[in-house]
Peer 1: 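My questions all concern the structure below.
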Amino acid sequence: MLEIAPPWVQTDLMAGNNDPRAMPLAEFIDEAITLLGTDAEEILVERVKPLRNNPGPNEGGFVTQFNDRLMLQPH
């Protein structure tokens, strides 16, 4: 099994296609395709690693806060 864990990517999903805080789609695809050519069990582009490596008791709150902020973006 292979897991792909994307960061916030500039797509039409959740009106993030022009948000500068989101990773450009072409950049994500290029990095993910490169990683797919390795023996990695998880495809983690560099930009998602701070989110993925956020261990500890506040991790759930961090993810919830991130998702809430996404939902507050003007559509």
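All residue numbers refer to positions in the sequence shown, counting from 1.
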Peer 1: If you measure from CD on Glu3 to CD1 on Ile43, what distance do you get to the nearest 0.5 Å?
Peer 2: 9.5 Å
Peer 1: Minimum heavy-atom separation for Pro7 to Val45, with atom names?
Peer 2: CD-CG2, 3.6 Å
Peer 1: What's the separation between atom CZ in Arg47 and atom CZ in Phe28, rounded to the nearest 0.5 Å?
Peer 2: 11.5 Å
Peer 1: How close do Ala5 and Leu44 get, heavy atom to heavy atom, and via which atoms?
Peer 2: CB-CD2, 3.5 Å
Peer 1: At what distance, to the nearest 0.5 angstrom, does CD1 of Ile4 lie from CG of Leu35?
Peer 2: 9.5 Å
Peer 1: Starting at CG of Leu36, measure out to CD1 of Ile29 and round the result to the nearest 0.5 Å.
Peer 2: 11.5 Å
Peer 1: With a 4.5 Å heavy-atom cut-off, do Trp8 and Asp19 have their side chains touching?
Peer 2: yes
Peer 1: Not counting sequence neighbours, list each pair that qualifies as a side-chain hydrogen bond (donor to acceptor under 3.5 Å, both in side chains) and has a residue in residues 26-42.
Peer 2: Glu42-Arg52
